[in-house]
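Not measured: the values here are computed from a predicted model. Each chain gets a letter, A, B and so on, in the order the sequences are listed, and its residues count up from 1.
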Protein chains: 2
Amino acid sequence: MSLFKVVSSKLAAEIDQELMGPQVGFTLQQLMELAGFSVAQAVCREFPLDKANINKHIFVIAGPGNNGGDGLVCARHLKLFGYNPIVYYPKRSEKNEFYKQLVNQLGFFKVPVLSQDAANTDWIEYLQPEKTLCIVDAIFGFSFKQPLRDPFKGILQQLHELENKVPIVSVDVPSGWDVDEGPTTENCINPSVLVSLTVPKPCSNFLKQGSSHYVGGRFIPREFANKYGFDPFNYQSTDQILKL
Amino acid sequence: MSLFKVVSSKLAAEIDQELMGPQVGFTLQQLMELAGFSVAQAVCREFPLDKANINKHIFVIAGPGNNGGDGLVCARHLKLFGYNPIVYYPKRSEKNEFYKQLVNQLGFFKVPVLSQDAANTDWIEYLQPEKTLCIVDAIFGFSFKQPLRDPFKGILQQLHELENKVPIVSVDVPSGWDVDEGPTTENCINPSVLVSLTVPKPCSNFLKQGSSHYVGGRFIPREFANKYGFDPFNYQSTDQILKL
């Protein structure tokens, strides 16, 4: 697989900070809406709705931070596109009111959000391969640092065991991977689809053969990209994703 | 032109209030991002970028309220799609910090925002028909009430005089029209394109022959639409607009 221009976890954090800083003035809510939408568009491109899959579920697992928020937004758009998402959001941020609102919005769209009880293992019952179109891994993003802890350690172990039966779509970074170094153990998940946000991170070079790699999160101008050492991506028309 | 299901200005206000109320929990920032994106997508559908028009401008006029905010978001997405928007935003809300951020974001994208001096008539200099692909009228939305006051009275008079030379794309409601009754004077603008948000308002039945009517703002589930007496629109794939 060819190599694409990437930015390190450190630069990705700087980009994020500058986008939401006083000069540019993007809000988290805006960027999350666009990022989540772009992931949903990538899912739609990879797994188009048809008669054979219209009754299947998309299983979205949301982590405690912004990556999880992208997943919550993605699930809402998937529902609007005609899919049947189910959300598992085991560890919820109590600090940020906006995350609660994202969960409320899912309720408004009648998207099931499983109980947040981390000791609960019922979630895996909902993840039956023959009934699941794909898994959206929105657990950790570019600010993830080792070590992996429960409940996500256990969840990712189970996803790894399922990954040959149900394709995994990872948001920005395959969860559990080192952002810069890639997979760190043999038990890491191997996503079939990666949607890098803004610009790929170094770990994207370790995607397995035959996987699909998209860039999404279309919200920066050329000069800004160049300043961080990459070229803007050649998105087509109004697309919010580009297949690399 | 055929009639579509519409909701009155009163119902439109109720829908808006419920979407942003405690139960549903959408934020203004989310809805504005999606609404502005959908208007930009409609512009792109109606006026595809090609060699002949790539250097033309799109002149976005933003009003003081939420319709104007949709216009500011739209301008940013148009820039990302490769167009050259120019924004005229003569009467700015000082109350809401978010509107200032939307203007900052336009600065980040190097989208010109003309001086806000309402007595300034220079703005019309930027609106040369041979150099302008279209005008985006984001002045007033469904909460507009007569009478029309300056500077917008004068601006709309000038747009009316130009409308046979430069097509007008109105956001949600053609500015100056009564939301329920349609055009009230002979001097009203006649847009070539209307992008109704969420659901058309009664005035959309008075669009001139041959105009294009889109619905955008794809953010409500079926049950919610039905509760307000209309059917959800049959958006295709990940489209944020549907041509009616």
Chain A to chain B donor-acceptor contacts, backbone plus side chain, under 3.5 Å:
residue	atom	partner	partner atom	Å
A:Pro22	O	B:Asn104	ND2	3.4
A:Gly25	O	B:Gln101	NE2	2.9
A:Gly25	O	B:Gln105	NE2	2.8
A:Thr27	OG1	B:Gln29	OE1	2.5
A:Gln29	OE1	B:Thr27	OG1	2.5
A:Gln30	OE1	B:Gln105	NE2	2.8
A:Gln30	NE2	B:Glu33	OE1	3.0
A:Gln30	NE2	B:Gln105	OE1	3.2
A:Glu33	OE1	B:Gln30	NE2	3.0
A:Gln41	NE2	B:Thr238	OG1	2.9
A:Leu80	O	B:Arg218	NH2	2.8
A:Gln101	NE2	B:Gly25	O	2.9
A:Asn104	ND2	B:Pro22	O	3.4
A:Gln105	OE1	B:Gln30	NE2	3.2
A:Gln105	NE2	B:Gly25	O	2.8
A:Gln105	NE2	B:Gln30	OE1	2.8
A:Arg218	NH2	B:Leu80	O	2.8
A:Thr238	OG1	B:Gln41	NE2	2.9

CZ of B:Phe108 to CZ of A:Phe26, rounded to nearest 0.5 Å, is 6.5 Å
Okay, A:Leu106 and chain B: the region with an atom under 4.5 Å from a heavy atom over there is neither
If one checks every heavy atom of B:Leu49 against chain A at 4.5 Å, the contacting part turns out to be neither
Among B:Pro221, B:Pro232, B:Pro48, the residue with the most heavy-atom pairs under 4.5 Å to chain A is B:Pro221
Ranked by heavy-atom pairs below 4.5 Å to chain A, first place among B:Val73, B:Leu80, B:Leu19, B:Leu78 goes to B:Leu80
Contacts of A:Phe144 meeting ring pair (Phe, Tyr, Trp, His ring centres under 6.0 Å) (sequence neighbours excluded), chain-then-number -> A:Phe140
Okay, A:Pro22 and chain B: the region with an atom under 4.5 Å from a heavy atom over there is backbone
